[in-house]
Every structure is written in structure tokens, then in C-alpha cells.
Asks: 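Quick one: the structure is below, and I'll ask about it shortly.
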Amino acid sequence: MSKNVVRVTLGLLVGGLVAALLGHWFAHGALKDKTKRILVRHATVRASALADLVGAQETIDKKSKEAYLRIAARWGEAAEEVEAVRVLRLSGSRLLASSFPEDAEHGAAPRRLKRAEKALYDRGQLLRANIDTNRQEQLAREEEVMIEWRPDGAVQLAVPFFPKSKPDRVAGYVEVLSRPRLELQPLPWWPTLLLAFIPALLYLIGNLVLAKFRDEDDANGMWGLMVSACLLLATGLVAFGNYHLIQLGRQHLTFEQNLAARYMETRGAVAQVGTQMELGLELPFRNTWDLDLYGRPHPFISFDGELYIGVDRAQEAVANRLGLAFFGNAGLAFALLFFFGFGGAALLWRTLVDNREAYVYTLPALIGMLVLVFFPFSYGIALSFTDQNIYNTDKTLVEIWIGLNNYIEILGDFNLIQTSETGWNFNYENFYWTLFITVAWTICNVTIGVSVGLTLALLLNNKRLRFKPLYRGLLILPWAIPNYVTSLIWKGMFNKESGPINQIIQMFGGEPLAWFDSVFTSFLTGVMTNGWLSFPFMMVTCLGGLQSISSDMYEAARLDGASKWQQFRYITLPSLKPTLTPAVILSVVWTFNMFNVIYLVSGGDPGGSNEILITKAYKLAFQNYQYGYSAAYSTVIFAILLIYGIFQSKAGKAAEANA
Amino acid sequence: MTTGTARTLAILFLTALVGLTVPLTATELVVWHAYRGKEKAAFEKVVQQFNQSNGDGVTVKTLAVPYDAYADKITAAVPRGKGPDVFIFAQDRLGGWIEAGNTVEPIDFYVDDEIRERFLERTLEAVTYRDIVYGLPFNFKCITLIYNKKMITKPPKTTGELVALAKKHTNAEIGQYGLAYAYSDYFYHAALMNGFGGGVFEPGPKATINRPENLKAIELMLKWYKDDKIMPGEPSTALITSLFNEGKAAMIFNGPWFLGEIESGVDYGLAVLPTIDEAGGAPMRPWMTIEGLYVAAPSKHKEEAFDFINYLTGVEAAAVMAVEGRQLPANRNVYKSPKILHDPIMKVFLLQGKQAEPMPNLAEMSIFWSPATTAMNTIVKGTANPKAAMDKAQVQVEKAVAKLRGQ
């Protein structure tokens, strides 16, 4: 049997196994999720119905002590699966009725809440505040149903009640502890096993049989092998996916039917208690109890308990997310198949085995990098595809996924110029303006850094200069002082009234400048500060480079009659290039992201016009609280620097090749 | 093993044991603050008093955090359970912390009518978010009228009087002005804005930066600056300090933080901000910042923590904070004590505080400042008319808020 057949078989086995296990896990997760949702809906129907009863009582007679107790007790009897009921009124923090055992410890209801029961009151206030916020903003942003899962699988759920006289104002809430019974069939394992082993097995047998009729395989044979393997895997995946989708769809339908039955049963019970208690409750002919987390009715049940949907719709509802997961899963299976089939896995295994010592030595560093660099980095990238902000940090990234929207908004906004009655001006909020400023800022600073640094280095390299270490020490000082300290000092120097720079201008008869009021002068403040900060590094680098140039070359040049300029142009500069190039590359990256100077000196004034990309990203995250958008901004910065790096290293290599 | 190491080990073991047993017998609370100097000494004294007064073994430890890093430290440490039990901060960050979650504990439940009535008007409002009380107001700060007694004998009651008086004392040639305040800084400008009945957010987080009342307030400010010429250009805080100290500003609007910067030679007086003739005689209402006492949401001793902040806002503690810390307590009853009642500075700030508006505690306030500052600068410089500048700020803030609150 050929090596290729073994590889492809192995690929089929691994791909099938991984896809099957993951797929089983997804299907299991989907079923669990579905079950949890349906349990919550059962409990919501129970609780909302009770809330209507309490609201009716609240309208008739608020003072009655016994009525609430009786409603709660009747409800406990009438509604199956309800283990405990609590009714709480916010005004006066009164516990109107309760069959929760933990409440009994502090005395029987009705009574005022005890100091230790603060959490009960807080829950009600939070519900009230959430509902007020949603009404005010006319959005479904805050949760109107509070759900708490107990470790034993029971669900505790609170919904607000409203008196009819004030239907906008939450008066209190009812809480229901219930343990709904659901008949759940566990997911069978046989489709998983089938997907994992059957394609590989079939493939192996097929090839064994075929091998009898075939000679040595060639390059074309490899493709034949691969195509047949792909077909087998695809068949397996489709069968597996379909099986689970159909099963889940059926399950879903049963759930909905159960729920419809529960709804009707509850309706009967409410009518019964309502009549007994003479609450004058009229049940509306629409769904008011089967609500989602934000108090919006689910569309599945009609008022008389009929299901609006058929099996196909039910399946569709399940298919959306699970189907997507299955697609990803299939992609992974094929990737594994190709990886093994084309020999990638074999190659990887061989390098791992051959260089195992090297891998063991680098393992700690690899793990460190993984945890400290790659994880935050990939989290940042993932965040950039969401619209996470201060109001939805509790949601998972999948729930707030918005795809490429952030990038489209950043890169696709070309409103660079705004026109108004008074004329036109640049839109400083625009990405391309900030990018322009950042690039201008980087070029100015690196140019200044290199030219000042090189000039000083040439001066210091003079052999006849005395006290050289002293000068060198002094010139390195700006570098030695922390840059935020320097930045704050420079900010003070640019102050309009008390800054020394304006005082010097005035000494020479000039008008004091409001440095931070115009785009250009404000830009200059940053450039001056950063120039001051960045020349020592360039100076030290150049000095090192200069000292390594052999004096023989200058001697030879002098003998040939070269002028000072010619010596500089044809000896010094080319010899400095290898040291200067990496320094410039580094300096570009540093300056591009020089947060401190911009943030501390001009703060982007006036009107955010002098913001660079990195300070803009900071302000978006910590002033505007748009975390996802800011992450996208940072990713764009990363992409720009990455492109620059690739370009630079290519150019560097080309230059080396020419030299 | 030598006897030396054995002894060290034994000592270590014993200290570990002691370390384990101490927290079981006494509850220890940690409180974070950013006070320095007199305020710090007074605060520590009050905490000491609390530690001695309660018998049931609650001891409070204070930790002074440098102000610059304070807010970020709370944001980072408290939600992860690494923070204090109680912390003190102005109300401007409150909304953001509540929305971020697990930072500030709602204490609405503990705050009964007796506690509510203890506070000066509207101070409790500053630490209330979505109608839930999240803290107890500790002290307040707001700007008021400070005048040079050499130049002004009777402080103005109305803006008409203010302008007339200021004109008398203005001599631009020698750089002397009748009135000086940081009018292009929205915080200082807000006194006029609120006086006209304006506001920046309302109801809820809905931005109302360009509403007509706000524009009227800006026009009045511009009239003072451009037509009446009673105020200096480029009014930075440094300029105002030097003008006042050199006797070149007759009247300024500034807060209690400014009093320490007045040189000893300057004889100054305080008065309540004037009423606005142009707004039908309504008083100027400056923004008031209120320092709140908050119980940290992850605290394990919430009840004790509340008892502690309840004590801090009581008359006894407030008196110490007022007399020794020179704070303006939010407790109204403390001003009845003769020592404070006859204090000319406290008296004026108390009156002014009653006519002040708590600065909004919405998370969205942090979005407001940058566009508002830009707008005010362009208006004062004359590069844009008030309406256009405020419209622009309005659109910017509206957009940013819409992004947060989801459509």
C-alpha cells in the first residue's frame, strides 16, 4: 500500500473524528441552550400570569394583608411545578407574600424587609430602573426579566407587576421558583461514531481492493485519491449535519407544543383564581405572558394556544446558528484532510522529532508569548468585530458581533471636509485627517531626530574636541529623563502667559502666541518636544557607527585629494547606512505610536485636530467608551505598521542586493 | 537544621497563625480617598473617632491614593474585588462606574427618610442614578463671586449692577478688569447656562447642547466680553489667579479651591452670584460637584461599610470636616452650629450651594467635554457663531451617545 493512501486515510480519520466530536459538542450545546430557553419561557409564563393577578389586586385594594397571601397560595396550588412564590412591593420595601423557605427565617409575610434582605429590594429597583430606561429610550436594551439558575437546575425568575392605575410605573415584582419537567432525549452517539470512522474505513477498504488492479501510483493518482476522499468526507458531514438539524427541529417543535399547552393551562388557572378572588381580571386575546428577556412577546403562540409555526419554520429557527457552526466544522475537517493528505502533518512531525531539544528549550518562551502577546492580540482583533461599549460588556462577543462594520465606518468615511454657513473646514474627527497628521508627525520627527542626531554625532566625533564625555553625558540627558516628565515640562513652557517660550518672544518684541489654539502651532509644540526627546538616541547610534569607520579610508581619500564634503558623502554616509537603517525603522514605529507626547503636551488641541491615531484610539475607548470601535482603530494602526514593516524590509533587502 | 532556622520557622508559623485568627475576631474596612493636607488630617481624625465610638469591633483603615491615578485605580481594581470597602469620589464618574458594573453598590435600601432629610437640597440627587441611591453625599463644591474689598464695597445683586460695577473698575490699558473668570471653560460658563434654564443632557442621556436657553447664555457671556469689554481675553485659570492677586481683577467667579491661591495681602470677600436680569431675574446657578461616599460592590462587609459612611455624613463627623478640613459638608444640620454659622466663607458657599445644580453624573458626560470646549473656544475667538458651534457640538455628542446606547 502506498504512502499516499496511508496519509489520506489518516487525514480522513483525524478530520472525521475532530468534526464528529466538535459537531456532537455543538449539537449538544444547541440542545442545552434550547432547553434552558424553553425552561425560562415556562417560568416566565407562570410568573407573568401571577404578576397580572397581583397587579389586579393592587388596583382593587392595596391595603389588604390577606389577599396577596391568598393569591400566592392559590397560585402555588394551581400552577404545577411552582415550588415557591414571592411577592414584593417596592414602596415601603414590603414583602407581601412568600413561600421561600429563606424568607420564613426572618418572619412570616406580610412584613417589611429586614436589613439582611437588601438583595431582594435591589433586584426590584434594578428591574424598575431597567424598564424605565427601556421606555425612555424606546429600545430593548436592559433586561426586564431577572433570571437566576440554582445549582440543582431549578430556575428562579422575577418579573415586574404594574397596577392598572399606573401602567408605566413598576410597583414591585413577583418571583417564582420553578422546576419545570422536560422530557429530554439524550443525543445519541452513533452518528458521531459513524462520521468519525466510516469514511476512513470505506476509503481504506476501497483502496485495498483497487490496489489489486493498479500499479504504482503517480502524481495524477494523488489527485484521484484526494477527490475520492473529499467526496466521502463530504457525504459523511452532510449526513451528520442533517441528522442533527432534523432532530433538533423536532425537539424544538415538541418544546413549542408543550409551551402552548402550558400557556392554555395557565390561562385556565388565572381565570379560576381571578374569579375566586373577585379580581375582575379580564384576560386579553393576545400573548402577554410568553415574553423574552426584554419583555417583548414571542411570536410563536396565538392567544388560544395555537402554534403559528410548522415543522419547517421550527427547523429554520434552529438551523441558523447551528448550521453556521456545522459549516465551520466542515471547513476544519477538510483542512485537516488536506494537511494530512498532502504530507504537511508528516513534515511537521518530522521537524518536531528531529529538533525536539530546540523545541523543548523554547517551550517556556513560546508559552509566555502565547499568553502575554498572542492571546491579548487575538482578543483585540476579535473585539474589533463587535460593537462592545460600556453598556454591553456583560454580553458575549458573539452576541454583539457586527462583522466588518467598524472597519467600514473607519475606512469608508470620506467626509474629510465640512461646509457650514461660515465656510468650510476640515473634519478633524475623520480617520484620514488623523492618518495625515500621524504620517506628517512621523516624517517630521524622524527627519529632525536623524539630522540633529547626526550633526551632534559628527561634532562629538572630532578627535580634537576636549571634555568629550561631559558633552556626551549632557546630550544624553533628555533621553534619560522619563518622557512624560519631559512632556509635562514642555507643556508648561508653551503656556501662553507664564511659559518661558512666550516670554522670550516678548523679550524680542514679539506678540505672545497661543500655541495650542491653531493647528499648525499646536503641531509644532509636539514636534519640538519629541525632537528634544528623540535626538539622543540617534546621536548615540550615529556615534557608534562613526567610531567603527576605519581611519585608513579617510587617509586614503585625503591622499587622493578628496574634499571634506566628498569624504562625508562617499565614505561616512555609506558606512553609516547599516547602523542608521534599523535605527530609522525603529524610530518610525516609536514615533508613529508616541502616545505620551501628544496626549500630555497638546492633548490633540485644538478640537482634536492634532490627535494621532493611537491617542484617538485611547479617547474612543476611555472617553467615548466605544471599546469595539477603538479596537478596530488599533487593528488598523497595526495593519499600517505591518505593511510599512514588510515594505521596509523588502526595500532593505533590495538595496543590499544592489550594493 | 540549625536552631536558628528552626526558630525562624516557628516564628513564621506563629505569625501565620496570628494572621489567620485576627480577621475572624474583628471586621476591618478599608477606605480609599485622595485627600491631602488639612482635609486628610481631618478625615483621619473622623475615622479615628468612628473606630473608637463603635464597640462591635469594626475598625476602618484609610488609604490616601494620589489624585491623578485615583479614578483609574478604582475602575481597574474595584470590579475585580481588589479594591476597598468604601471609596470617595466626585459624582462625575458615578454613571460610568454603575454602567460598567460591579463597582458601586446600590444603597437605596438602607437610606431611609431620616437619612434623606439630613442632606442639603439636591446633593443626594448627584449620587442617585436611574432613581436608585448609590452613595451618600459627603461634601460639595461650587463657584461663587469673590471680590477684592479694596475695589468693591457692596457686591452686586444683579447682572445689571455687576456690569455697571465692572465697567467702573475696568481699564484695559493697564490690564485691569472688573470681572474675570474662565468663561470659555464650560464648567464656569454653566452658571449662566443653568441660570437661563438650560442644560446639556435631558431627559436622560439625550443631548440638548444647542437648545435656545444655552445659546442665550452664551450671547450674554459674549456681550460681557465683546460689547461691555469688562473681561480679559484668553481667560486661563493662571491668568485669573495673577490678575486677582495683583489687584487687577475686581471680581472673579471661582470656587473654594481658589481660596488657597489668594495671596495674604489681598483683602477679599465672598458673595452669592448675581441674578440675571436678562433671564427675568433668575439666579445664576453654577454646577456643583459633590463628593460621594460609596460602598464597593464586591465588599464583603456591606452593612458595616454603610454604617461607616452613615457615620461620616452625621453631624459630629461633618463638623470636624468643616472646621478642621475646611470642607463644605453636605449635611445641612452642621451649618446650625455657631462656629460654622458665623464663618463668612462657609455662609456664602452654603447659600450658593442652595442655588446650584449638581453636575450630571451620566457616563456620557465624558463625551461632552471635548466638543463643548472646542465650541466655546471657537465662539470666544469669533471664528464661528454660537449657533453653528453649538450645533456642531450637539451633532458630535448625539452621534457618540447613539453609538453607545444602540439603535
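Owing to the predicted nature of the structure, the values given are computational and were not obtained by experimental measurement. Below, read A as the first sequence line, B as the second, and so on, with proteins coming before strands; counting in each chain starts at 1.
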Asks: Where on R115(A) is there a heavy atom nearer than 4.5 Å to chain B: the side chain, the backbone, both, or neither?
Replies: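 Both parts, heavy atoms under 4.5 Å.
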
Asks: Considering the options K206(B), R130(B), R405(B), which one meets the salt bridge (charged side-chain N to carboxylate O under 4.0 Å, His left out) requirement together with E137(A)?
Replies: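 Among K206(B), R130(B), R405(B), the one that satisfies the salt bridge (charged side-chain N to carboxylate O under 4.0 Å, His left out) with E137(A) is R405(B).
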
Asks: Using heavy-atom distances under 4.5 Å, tell me whether Q125(A) contacts chain B through its side chain, its backbone, both, or neither.
Replies: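 Backbone plus side chain of Q125(A), per the 4.5 Å heavy-atom cut-off to chain B.
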
Asks: Taking CZ in F520(A) as the centre, count heavy atoms belonging to other residues, nucleotides or ligands within less than 6.0 Å. Is the count above 12?
Replies: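 For F520(A), atom CZ is not crowded (no more than 12 foreign heavy atoms under 6.0 Å).
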
Asks: Which atoms of P371(B) come close to chain A, meaning under 4.5 Å heavy atom to heavy atom: side chain ones, backbone ones, both, or neither?
Replies: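 Neither part.
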
Asks: Under 6.0 Å from the OH atom of Y599(A), do we count more than 12 heavy atoms belonging to anything else shown?
Replies: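 Open.
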
Asks: Provide the closest heavy-atom pair for F109(B) versus K114(A) in the form atom of the first, atom of the second, distance.
Replies: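 What the structure gives for the nearest pair is CZ-O, 3.3 Å.
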
Asks: Looking at S236(B), A363(B), S242(B), which has the largest count of heavy-atom pairs under 4.5 Å with chain A?
Replies: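 The candidate making the most pairs under 4.5 Å is A363(B).
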
Asks: Between G204(B) and Q136(A), which heavy-atom pair has the shortest distance, and what is it?
Replies: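 It is N-NE2, 3.7 Å.
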
Asks: For atom NZ of K166(A), decide whether the heavy atoms of other residues, nucleotides or ligands shown that lie under 6.0 angstrom number more than 12.
Replies: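 At most 12 heavy atoms, drawn from other residues, nucleotides or ligands, come within 6.0 Å of this atom.
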
Asks: Side chain, backbone, both or neither: which part of D517(A) has a non-hydrogen atom closer than 4.5 Å to chain B?
Replies: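 It is both, since atoms from each part get that close.
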
Asks: Which one wins on heavy-atom pair count under 4.5 Å against chain A: A375(B), A400(B), P106(B)?
Replies: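 Of the candidates given, the most pairs with chain A belong to P106(B).
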
Asks: For atom CD of E102(A), decide whether the heavy atoms of other residues, nucleotides or ligands shown that lie under 6.0 angstrom number more than 12.
Replies: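 Yes, enclosed.
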
Asks: Which members of residues 66-75 of chain B, sorted by number, sit under 4.5 angstrom from chain A on a heavy-atom basis?
Replies: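 The list, in residue order, is empty: none.
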
Asks: Is any NZ, NE, NH1 or NH2 atom of the basic residue among K392(B) and E429(A) found under 4.0 Å from an Asp or Glu carboxylate oxygen of the other?
Replies: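 No, no charged N to carboxylate O under 4.0 Å.
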
Asks: Looking at every heavy atom in both D131(B) and R169(A), which two are closest together, and how far apart are they?
Replies: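 Taking every non-hydrogen atom into account, OD2-NH1, 4.1 Å.
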
Asks: Which residue out of E117(A), E142(A), Q138(A) racks up the most heavy-atom pairs below 4.5 Å with chain B?
Replies: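 Heavy-atom pairs under 4.5 Å are most numerous for E142(A).
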
Asks: Using 0.5 Å steps for rounding, measure from the CD atom of E99(B) to the CG atom of N389(A).
Replies: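 Going from CD on E99(B) over to CG on N389(A), the span is 9.5 Å.
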
Asks: Could you tell me whether the side chain of E234(B) reaches within less than 4.5 Å of the side chain of P512(A), counting heavy atoms only?
Replies: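 They are not in side-chain contact.
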
Asks: With chain B as the partner chain, list the residues of residues 615-633 of chain A whose heavy atoms fall under 4.5 Å from it, by residue number, and write 'none' if nothing qualifies.
Replies: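 Answer by number: Q623(A), N624(A), Y625(A), Q626(A), Y629(A).
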
Asks: What residues of residues 400-407 of chain A sit under 4.5 Å from chain B when only non-hydrogen atoms are counted?
Replies: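 Result: none.
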
Asks: Between A129(A) and I132(B), what is the shortest heavy-atom contact and its length?
Replies: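 Looks like CB-CD1, 4.0 Å.
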
Asks: When only pairs under 4.5 Å are counted, which of I107(B), T373(B), T374(B), D112(B) shares the most heavy-atom pairs with chain A?
Replies: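 Of the options given, most contacts go to T374(B).
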
Asks: Out of L126(A), N130(A), T393(A), which one racks up the most heavy-atom pairs below 4.5 Å with chain B?
Replies: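 Most pairs with chain B among the choices: N130(A).
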
Asks: Check whether L90(A) gets within reach of chain B through its side chain, its backbone, both or neither, counting any heavy atom under 4.5 Å.
Replies: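 Answer is neither: L90(A) stays 4.5 Å or more from chain B.
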
Asks: Which of residues 292-305 of chain B have a heavy atom under 4.5 Å from any heavy atom of chain A?
Replies: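 Under the 4.5 Å heavy-atom cut-off, E303(B) qualify.
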
Asks: One pair to check against side-chain contact (heavy atoms from CB on, under 4.5 Å): D122(A) and E105(B). What are the steps and the verdict?
Replies: CA-CA 9 Å; D122(A) 285 351; E105(B) 176 76 10; 3.8 Å; yes

